[in-house]
Amino acid sequence: MTSFSLLPEEAAPRLSVARRTLDRLRTVPGLAGRYDGHPDVRTLDGLAALPPLAKDDLNTALAHLEPAAEHAATWLFQSGGSTGAPKVGYAPTGFYMAGVHAHWQPLDRSDVFVNAWGAGRMWGAHFLAAALADLSGCRIIALGSVARDEYGGWLEFMAARGVTAVGGTPSVLRLWFAHARAAGIRLPALRKVLWLGEAWQPQLAEDLAVVAPQARRWGMFGSTETWVVATNTPDCPPDTFHPLPDQLVHADRDGLLDFTTLNPHMLNPVLRYRTGDAGELTTCPCSRPGPAMRVLGRRDSVVQVRGLGLDVDEVIAHAERTPGVARAQVVITQQGGRVAELEVLLLTDPDASPDTDGLRTELLAATFTLSTAFQHDPGNVRVRAVTELIGNERTGKTAALVVREEA
């Protein structure tokens, strides 16, 4: 039994796009063989029988296909998250945002919108948001990345200009609003917060309630492989999104989500593509008809530490329950491919002094992997308070896990 975001009768007329994508993938050396024995996709059950694509598979396909837009420039963007090596995703000018705007319109002509997604090399969200603002007809301030010592001046500027909307990754937005809260800066005109790229952070809601009590969140879900798959509104829970009509979402028996494009103009051959997110199809409390997609978290958060699996999200959640800790990050140092050290970095609230030694003791006692893997050198597990976490200078994103390799 399968679970799709469209009913069979709704999907059937549009599966020709999936069949065309399958034909393209059959031409890729190294991938073609996996589709032997699979007929052309005519039904949702037939689609569910196809093997899923992972990131490396899709990049193998893109390297061979080298897709190009028919009526616009072809933009190449980095995929792979905050710590991955650059890999290429393709999109035409406009980034498919006309289709998004037709069904999701958080901005209007009266808005003054700050685009705070990083505009660095090969990073797509800044330009995607700019395309949405263009379709909305609003005024836009293309702020991009901002250094830590510049927050105060820019926040004062935003207040003076009556900024009504701001957008960015939650980890970047958290820095903005935490700084505003600590500095006593208020943004009374701010009504809308757009986000994409990471899960929503509860601390954001706490800071917004103080800094901009009228602000409400508007979320997008997607990647540089799928582009925007689904959206939500202030009436939806932060983990629940409504798939766009040209995106087919599937939740398999293992609880993993995969995505198939039904957009005939999509350049990336997205056919049962797995982003690494677990989830389910459900009914949204907003009462909007049709299945919604609830994202339950990433399944690729488990990493190998000296032969044992460590759930990074579990460690992060434990650390962030500590009073005074705003965010946490796991940093693994490898030597010759072996994990030598593991640090948990704590970004603390202003004037907070969390008990790092006590937290370290708790983590070692509560986490089997840490206590077992480091039983002979427990001193190589450390917990440390920092003024900022390790981020990607291009994107502004802060990953839960950073892996360093030392000689």
Can I get a per-line list of side-chain donor-acceptor pairs under 3.5 Å for residues 285-296, giving both atom names and the distance, sequence neighbours left out?
from : atom 1 : to   : atom 2 : distance (Å)
R294 : NE     : D239 : OD2    : 3.1
R294 : NH1    : E280 : OE2    : 3.2

Pairs meeting criterion side-chain hydrogen bond (donor to acceptor under 3.5 Å, both in side chains) with involvement of residues 22-31, two or more places apart
none
Side-chain donor-acceptor pair present, N263, T261, cut-off under 3.5 Å
no
Residue pairs, two or more places apart or on separate chains, that pass side-chain hydrogen bond (donor to acceptor under 3.5 Å, both in side chains) and touch residues 367-383
R306-D377, E341-R382, D377-N380
Residues in side chain to side chain contact (heavy atoms under 4.5 Å, CB included) with L347, at least two apart?
L175, R327, L389
For A18, all residues meeting side chain to side chain contact (heavy atoms under 4.5 Å, CB included), sequence neighbours excluded
L15, T260, L271
Who passes side chain to side chain contact (heavy atoms under 4.5 Å, CB included) against A131, sequence neighbours left out?
F95, M97
For R272 versus L47, what's the shortest heavy-atom pair and its separation?
CD-O, 3.2 Å
Given the options W218, F221, F241, W195 meets ring pair (Phe, Tyr, Trp, His ring centres under 6.0 Å) only with F241
Could you pull out all residues at least two apart from D235 that satisfy salt bridge (Lys or Arg N to Asp or Glu O under 4.0 Å)?
none
With sequence neighbours excluded, residues passing ring-ring contact (aromatic ring centres under 6.0 Å, His included) with F157
W154
Closest non-hydrogen atoms of A61 and L25, given as atom of the first, atom of the second and distance, are CB-CD2, 3.7 Å
Kindly say whether V331 contributes a backbone atom to a donor-acceptor pair with the side chain of E343 at under 3.5 angstrom?
no
Between A205 and W200, which heavy-atom pair has the shortest distance, and what is it?
N-CZ2, 4.1 Å
Does F113 have any ring-ring contact (aromatic ring centres under 6.0 Å, His included) partners at least two apart in sequence or in another chain, and if so, which?
none
Applying ring-ring contact (aromatic ring centres under 6.0 Å, His included) to H179 and not counting sequence neighbours gives Y151
The criterion is salt bridge (Lys or Arg N to Asp or Glu O under 4.0 Å); which residues satisfy it with R174, sequence neighbours excluded?
D207, D349
Only counting residues at least two apart or in another chain, list the ones meeting side chain to side chain contact (heavy atoms under 4.5 Å, CB included) with T322.
V325, P354, L359
Would you kindly say whether T169 and W117 are connected by a side-chain donor-acceptor distance under 3.5 Å?
no
